Number of protein chains: 2
Amino acid sequence: MFISKTSEHALRILTYMALNYETQLSARNLFEELQIPKRYLMRLLTDLSKSGFIKAARGRNGGYVFARSLDTIYFSEIIDSVEGLLTFEGCVLGSTVCPVDKPCAMHQIWEKPKQTFLETLKSTTLADLRNGKNIRLKYSIKQIHH
Amino acid sequence: MFISKTSEHALRILTYMALNYETQLSARNLFEELQIPKRYLMRLLTDLSKSGFIKAARGRNGGYVFARSLDTIYFSEIIDSVEGLLTFEGCVLGSTVCPVDKPCAMHQIWEKPKQTFLETLKSTTLADLRNGKNIRLKYSIKQIHH
DNA sequence: ATTAAATAATACCTGTAAGTATTAATTTAT
DNA sequence: ATAAATTAATACTTACAGGTATTATTTAAT
Ligand code: SF4
Ligand code: SF4
């Protein structure tokens, strides 16, 4: 499963917004582009707003823009705010308390994929979606659903 | 979230069984060792049995042993049978249909952690838990919960 | 001022994963 | 044969993530 559906939504929202950094986008705009269930999308936007990633302009002609610089927003922080990072950082077998000095048979095997995953989350920001360091082409979620 | 709770259970069950390959283990034995909710554990054992990883001996003095050689059981197959692998292999943003020849902004960033994860699942077998290639010490889930 | 168009708050509903309960079937010890 | 100890099948319940609905609030165009 990897990440929760809600995290997927959040990442899509913020990715699209990052690629349109200069434009204020309303829930309506984002709905038309991303096709996330409308009311749920609206709630998520409010959540992301409360979390301080974006800021809302209320009332007519309202919408959302980023509240912080893109290069300060790490994927780890986004996922952390949506579903928490502890489930990723903790034991892959779900053990909440474990003497890591005495690793079980599973431990070593999962270390590499786990670290690679977390490293990427912790070292990549939304700005990296724009500056081309890590990307090839334009965001294309919408036209996927044809 | 990474993998489902049920996958965690399944991995713990099979890991423990792998480290006690020679011994037939009953649901009771496994419950005492792993402390997975008893009735759920029993159902999972039946599932793992149906999936062909283990085979059941019914009736008095019954229990479970592996149905196949440990070095043929890849972690990818275990997780696939429990929750499916498609959610891992597919798009990290949850898009079911995507023109991968035209990757979106997210694609490249997730490629490495995703591949590392899948590579490990697909290249590691339960036998690797025994032969020491990948492990350091003995399984120690139980004493974790003190 | 009024209305329209947006976000915010809050409560509710739904689908699915996780867990429980009950009963049946199988095997072996006595 | 009977009873005990096990797995199997099936249906039910619970918890929580995901999604809806309703109403309130804010802002700007008219
Ligand atoms: S040693 Fe085993 S139980 Fe402990 S954190 Fe590592 S994988 Fe989990
Ligand atoms: S290109 Fe984007 S939408 Fe398509 S599979 Fe890759 S991450 Fe998903």
Side-chain angles (χ1 to χ4, degrees), chain A residues 1-13 17 23-67 79-84 86-87 93-94 96, chain B residues 1-13 17 23-67 79-84 86-87 93-94 96:
Chain A
M1 98 195 346
F2 244 5
I3 60 175
S4 71
K5 197 100 193 243
T6 307
S7 288
E8 288 178 2
H9 291 332
L11 291 182
R12 289 183 64 205
I13 292 167
M17 287 187 69
T23 323
Q24 173 184 272
L25 294 163
S26 67
R28 167 185 289 266
N29 296 150
L30 290 163
F31 171 68
E32 283 162 358
E33 188 67 27
L34 303 174
Q35 264 118 41
I36 293 165
K38 193 163 191 174
R39 292 173 186 280
Y40 196 47
L41 168 64
M42 293 178 72
R43 214 177 64 183
L44 294 180
L45 285 166
T46 302
D47 291 346
L48 292 171
S49 191
K50 278 187 192 165
S51 303
F53 297 116
I54 56 182
K55 62 186 167 203
R58 298 179 66 162
R60 195 164 181 165
N61 300 336
Y64 301 90
V65 293
F66 278 98
I79 291 180
D80 193 30
S81 91
V82 175
E83 62 172 308
L86 288 83
T87 49
L93 296 177
T96 48
Chain B
M1 101 194 347
F2 244 5
I3 60 176
S4 70
K5 195 101 194 245
T6 306
S7 287
E8 288 177 2
H9 290 333
L11 290 182
R12 289 183 64 204
I13 291 167
M17 287 187 68
T23 323
Q24 173 184 273
L25 295 163
S26 67
R28 167 185 289 267
N29 296 151
L30 290 162
F31 171 68
E32 283 163 358
E33 189 67 25
L34 304 174
Q35 263 117 41
I36 293 165
K38 192 162 192 174
R39 292 172 187 279
Y40 196 47
L41 167 65
M42 291 178 74
R43 215 178 62 186
L44 293 181
L45 285 166
T46 303
D47 291 346
L48 291 171
S49 191
K50 279 188 192 165
S51 304
F53 297 116
I54 57 181
K55 62 185 168 201
R58 298 177 65 162
R60 194 164 182 164
N61 300 337
Y64 301 90
V65 294
F66 278 97
I79 291 181
D80 192 31
S81 91
V82 176
E83 61 172 308
L86 289 83
T87 49
L93 297 177
T96 48

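FYI, side chains are in, hydrogens and waters are out, and symmetry mates aren't considered; it's all heavy atoms of this structure. In the text below, chain A, chain B and the rest are named by the order of the sequence lines, each starting its count at 1. From a predicted model like this one, the values you see are computed outputs, not experimental measurements.
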Could you check whether the rings of B:His9 and B:Tyr40 sit parallel, tilted or perpendicular, using 30° and 60° as the cut-offs? perpendicular
Rounded distance (Å) that lies between atom P of C:dC12 and atom OH of A:Tyr40: 19 Å
A:Gln24 CD to A:Met17 CE distance, which is reported to the nearest 0.5 Å: 8.5 Å
Apply side chain to side chain contact (heavy atoms under 4.5 Å, CB included) to A:Glu83 and list each qualifying residue two or more places apart in sequence or on a separate chain. A:Ile3, A:Ser4, A:Ser7, A:Ile79, A:Phe88, B:Met1
How would you list, by chain and number, every residue that makes a side chain to side chain contact (heavy atoms under 4.5 Å, CB included) with A:Arg39, sequence neighbours excluded? none
Measuring from atom NZ of A:Lys38 to atom CD of A:Glu32, what distance do you get when rounded to the nearest 0.5 angstrom? 7.5 Å
Between C:dA8 and A:Tyr64, is there an OP1 or OP2 to side-chain N/O distance shorter than 4.0 Å? yes
When rounded to whole Å, the CD to P distance for the pair B:Glu83 and C:dA17 reads 10 Å
Shortest non-hydrogen contact from A:Thr23 to A:Val65? O-CG1, 4.3 Å
From the list C:dA25, C:dA29, C:dA5, which nucleotide is the closest neighbour of the side chain of B:Asn61? C:dA29
Would you jot down, in residue-number order, the residues of residues 1-8 of chain B having a non-hydrogen atom under 4.0 Å from DNA chain D? none
When you measure from every atom of DNA chain C, which of residues 42-56 of chain B have a heavy atom less than 4.0 Å away? B:Arg43
State, yes or no, whether a side-chain contact exists between A:Leu45 and A:Ile54 at a heavy-atom distance under 4.5 Å. yes
Note: for B:His9 and A:Arg28 on DNA chain C, the residue whose nearest nucleotide lies more 5' is A:Arg28
Taking for A:Ala57 and for A:Lys38 the nucleotide of DNA chain D with the nearest heavy atom, the one nearer the 5' end belongs to A:Lys38
Using 0.5 Å steps for rounding, measure from the CG atom of A:Leu41 to the CD1 atom of A:Ile13. 5.0 Å
Side chain of A:Arg58: nearest nucleotide among C:dG19, C:dA6, C:dA8? C:dA8
Holding to side chain to side chain contact (heavy atoms under 4.5 Å, CB included), I want the full list of residues that pass it with A:Ser81, two or more places apart in sequence or in another chain. A:Ser51, A:Phe53
May I have the distance from A:Arg60 (atom CZ) to C:dA6 (atom C1'), rounded to whole angstrom? 9 Å
Check: A:Asp47 side chain, A:Leu44 main-chain N or O, donor-acceptor pair, under 3.5 Å: no
With a 4.0 angstrom cut-off to heavy atoms of chain A, pull out the first and last contacting nucleotide of DNA chain D, in 5'-to-3' order. D:dG18 to D:dA29
Looking at CZ of B:Arg12 and CG of B:Leu30, how far apart are the two atoms once the value is rounded to the nearest 0.5 Å? 10.5 Å
